Amino acid sequence: MQGMGSGASLPWVGEGGPEWGPLGGTGAAGSAQAAAAAAAAAAAAAAAAEAEAAVMESNIPFTPYLITFEGLSCSLPLPSQSESSWTNSLGGSSGLGGGSGVARRSEVSRSLVRGVTGWVKPGEITAIAGGRSTGKTTLLNCLAGRKVPGQLTGRLLVNGKPRDAPSFRCNTSYMEGADLYYPLLTLRESLLYRTALTLPKHMPDKRRRAFVAQILELMEFKGGVADCLVQDILADGVGSAYVEKRIVFAMEMAGNPSVIFFDAPFLRMDTTEVAKFSGMLKHVAAVWGRAMVVVSNAVTAFHLNAFHSLLMLGSGGEMVFFGPAGRNGHALVEYFSAIPGTPPNLLGDAGHQRATACDYAVEYRVSDLAMLNAHRLSALRRGGAAAATAFAARAAVANLEAAKLVATSGAVAAGGAAAGGNAEYGGAAAAGWRAMGGGGGMDYESAGVSMAASDSAWSQAALEVEEAIAAEEAEALAGVARAHAAAMGGNSEEEEGDARRGAQEDGALRHKAVAAAAAEAAADAAAGVIAAGVTAAGVTAAGDPHQQQGEHKAGDHPTALHHATSLQPLLAHASPLSPPTPPSRLRKFLAVHHTIHLFYWRNTSHSLNRIVQSAILGLLIGSLFFQYRVNNLLQATTAHAFPFAVLAFGTTCHGGTAVGLINQTKKIFAKERVYNQHFLQIYTVAHTLVEIPPLLLTSLALVSVAAPLAGLAVGSAGTFFSFGLTQFLAALAVTYFGFLLSVLLPQPKYAAVVISFLITAWVATCGFFLPFAFTKHFFLAVYWTNPIQYALNGLTAAAYYCNTAAPECTLPGCPGAAPICASCPCKWYLNPVKGPEYLWDFLVATRSARSAVYWDWLFLLCFCLVCRIGSFAALRFLRHNR
């Protein structure tokens, strides 16, 4: 369908009054159909504008990354060995090699990755493949900026500049297991949590929710699935590997990364699941403009169709192939089949061992493919940030056009129904919509839509870069052909050498000129749109059939300027290497605190179960000491047992619970910390605050049941408050101490053993079993630094303290049963040796009880503070927490 200018008339409306048109009919009927067509076109335009606004609302600006790497190597130092190791140059057990090979002598360092060169472009999926122990995951970690064993050398550029590690980590993500996310959050809550940590601070909540809804729709989490807990989705999902990968992929996409790294994304999936998941990856790459790097353990035609480029590694991490694998791996098979000695049936079972004497790494280094890749790498590196922006913008245009197409096609269908169901009307209305400039150059087809995103300056910039690279490839091939022709023509060795040198020099000169022109054109086009928002937005006459027909000139397309302007919010970062504006610390703190709060309260074994158990424990202890009265020496001696029972059974259990809980959140925080998603201070403060409500309710449930049943610490509201506060501070101290051990020790099992031992030692030296007067000097330091000892004294004082030095208690005959002593509220008992004696005086003399409970509270608070500061330092400096 030929395009038309802005002043063109509708193709089904005649110019001279009531004539026959393509729809049939004359006079009023034709005018009615024309009016209906115009109304349908207007409705389609309105629907397209609304769809475009929705896309712009749900899309989030990102920084497109073009990663180029050259001579990337990673070596692991090893002791010198005198033996020779026989390895195959392709190595492992991939579908392209294995078995016996070439003899190589072991060196003082083992090469995990050696001399790898290539690139990762926005909007494309690059796969890393190879046999076992060929350095696939090591290369992936090198590209992702993660820690790798050994020494890393080579040149790695991002958008033409050296990689800045903090900025790069902020804009990339690494797909790992689902255990690195909160299982007790719903999927939607998890995605919103990620957006709160990563999206710019000026992003409103409505736009973040639209972005999350778009991700959920892409990952096929429809209906109420998105509002189910992550652990329930994993437990109920059919094909757990496929469900888990979709969840993790959705989590990573919520962080709005520019590059996503996958390690074996198709592992444990069947062919149907691989097809669905690869379709999601392709959609994100093509429409959202993200770059992806995946490690593929299978080299089959079915898997290769999911990738744009394939980088294959051999033994020692050397490159044996890099480039498009082709449909069903056709280009890959063609390349290796041209090498003598290559076994047949290359693409097959990845576990099949095939013996070959070919050194594919050497064959690649001297191949024409390696030279062409070098030319493409040089052009991409020179293009830099402008090339990355141009490649990503094509995807943004495609995303806009796809949404508009869905909306306009629905409006056109509705218009066809309103026109009386004329079968030809839908096609004519669609043609009219295109003639009026709608659809952005889209062509309707019976089976779908062929999306042509070349109607914007962004796409023009990408097209120019690709054309420049193609021109360089042609020049390089011409140089190789001239050299081969000279060699086959029977020339002398001197003439042959001159011809080759001339071809190489000629190709090098052309390469520099074309690369510089391509980089300049791409930079001008991209910078022009970013700076001014206006540009000549048509496509070239050589690339667009509309231009070849001479229907309109560059810049005449009615939607071109609109696209150039509306795409700016999607690619808003003027400096592609600078990180996006991070969210505020307050927003991050609120998100982390709310998430951990939900995780705690939905973990019934840590929250609700502890409250119920405390209430049951309080009922048991209160029943055991029901309305406890002290009338003789034996009862006075055992009076200390009630506060000890409350403390020992209601407090010490919190330490072990804290170890298991902090171990789950610590792994999640480690991942978030790697990608600079929030600060260590936020994590520490959030964990400090989130424990207070459940421990407060736990202590209240225990004390409010045990104390009234025993008839102790209920004489006044102040006494009850003092008893409950001491119990709460003791539980808080033990819990924070468990947090400290969890981060101090590398394994949670070690922390569980140590905290059990220390709590036992604290209970044994708290002064209940052995009073302070009989404590050995060796244990005095343990006694005075023992939080259980201070808590026991505080509970004892709250339950039994009475001012026996008050005037009404020091009258002659007091303590005793004389009427004159009735005004003294202090409890007393009959001592068979001393006679009547106040219970508090007995506890001070035998148990070293202290009335100054405020000092006990101060010590417990200081103990909690020291534990939290120690936890912060351990997370900050210890290697196993990094």
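For clarity, every value in this text was computed on a predicted model and none was experimentally measured.
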Requested in this report: Quick one: do L732 and L861 satisfy side chain to side chain contact (heavy atoms under 4.5 Å, CB included)? Show the steps, please.
Outcome: CA-CA 9 Å; L732 203 63; L861 287 174; 5.8 Å; no
Report summary line: When every non-hydrogen atom of Y174 is compared with those of E252, the smallest separation belongs to O-OE2, 3.6 Å
Report summary line: Closest non-hydrogen contact found for L792 with F768 is CD2-CB, 4.1 Å
Query raised in the report: Hey, is the main chain of T684 close enough, under 3.5 Å, to the side chain of T688 for a donor-acceptor pair?
Result: yes
Query raised in the report: Roughly how far, to the nearest 0.5 Å, is SG of C228 from CD1 of I233?
Result: 5.5 Å
Query raised in the report: Roughly how far, to the nearest 0.5 Å, is the CG atom of L112 from the CG atom of L152?
Result: 10.5 Å
Query raised in the report: Side chains of Q727 and T651: is there a donor and an acceptor less than 3.5 Å apart?
Result: yes
Report summary line: Tested for ring-ring contact (aromatic ring centres under 6.0 Å, His included) against Y683, the lone hit among F669, F872, F739 is F669
Report task. Measure the spacing between CG of L143 and CD1 of I67 and express it to the nearest 0.5 Å. Result -> 6.5 Å
Query - Gap separating the CE atom of M269 from the CD atom of E244, nearest 0.5 angstrom - result: 9.0 Å
Requested in this report: Test Y750 against L741 for side chain to side chain contact (heavy atoms under 4.5 Å, CB included), laying out the working first.
Outcome: CA-CA 9 Å; Y750 302 150; L741 289 182; over 6 Å; no
Report summary line: Nearest heavy-atom contact between L199 and A254 is CD2-O, 4.4 Å
Report task. Evaluate the ring planes of F863 and W762, with Trp represented by its six-membered ring, and classify them as parallel (under 30°), tilted (30 to 60°) or perpendicular (over 60°). Result -> perpendicular
Report task. Check whether any side-chain heavy atom of E189 lies under 4.5 Å from a side-chain heavy atom of Y182, and answer yes or no. Result -> no
Query raised in the report: Are more than 12 heavy atoms from other residues, nucleotides or ligands located less than 6.0 Å from atom CD of Q681?
Result: yes
Report task. State, yes or no, whether a side-chain contact exists between R602 and T186 at a heavy-atom distance under 4.5 Å. Result -> yes
Query raised in the report: If you round to the nearest 0.5 Å, how far is CG of N297 from CD1 of I128?
Result: 11.5 Å
Requested in this report: Would you mind reporting whether Y181 and V248 have side-chain heavy atoms less than 4.5 Å apart?
Outcome: yes
Query - Greater than 12 external heavy atoms within 6.0 Å of W855's CH2 - result: no
Query raised in the report: If every non-hydrogen atom of S190 is compared with every non-hydrogen atom of L185, which pair is closest and at what distance?
Result: OG-CB, 3.5 Å
Report task. State the CG-CG distance between L624 and L619, to the nearest 0.5 angstrom. Result -> 11.0 Å
**Report entry** Heavy-atom donor-acceptor pair, Y790 side chain to W784 backbone, under 3.5 Å
**Finding:** yes
Query raised in the report: Once the angle between the rings of Y65 and F168 is folded into 0 to 90°, is it parallel (under 30°), tilted (30 to 60°) or perpendicular (over 60°)?
Result: parallel
Query raised in the report: Relative to the ring of F721, is the ring of W857 parallel (under 30°), tilted (30 to 60°) or perpendicular (over 60°)?
Result: perpendicular
**Report entry** Student check: side-chain heavy atoms of M251 and L191 closer than 4.5 Å
**Finding:** yes
Query raised in the report: When you measure from the side chain of R868 to the backbone N and O of Y736, does any donor-acceptor pair fall under 3.5 Å?
Result: no
**Report entry** Ring centroid separation F769 to F644 under 6.0 Å
**Finding:** yes
Query raised in the report: Honestly, is R585 close enough over F589, meaning NZ or CZ under 6.0 Å from the six-membered ring centre and within 45° of the axis?
Result: no
Donor-acceptor pairs under 3.5 angstrom involving side-chain atoms of residues 592-600: please list them, not counting sequence neighbours.
residue: T595; atom: OG1; partner: A591; partner atom: O; Å: 2.8
residue: H597; atom: ND1; partner: W601; partner atom: NE1; Å: 3.4
residue: Y600; atom: OH; partner: H687; partner atom: ND1; Å: 3.2
residue: Y600; atom: OH; partner: E691; partner atom: OE2; Å: 3.4

**Report entry** Neighbour count >12 (heavy atoms, 6.0 Å) for atom CZ, F649
**Finding:** no
Query raised in the report: If you take all heavy atoms of T765 and N786, which pair is closest and at what distance?
Result: OG1-ND2, 3.3 Å
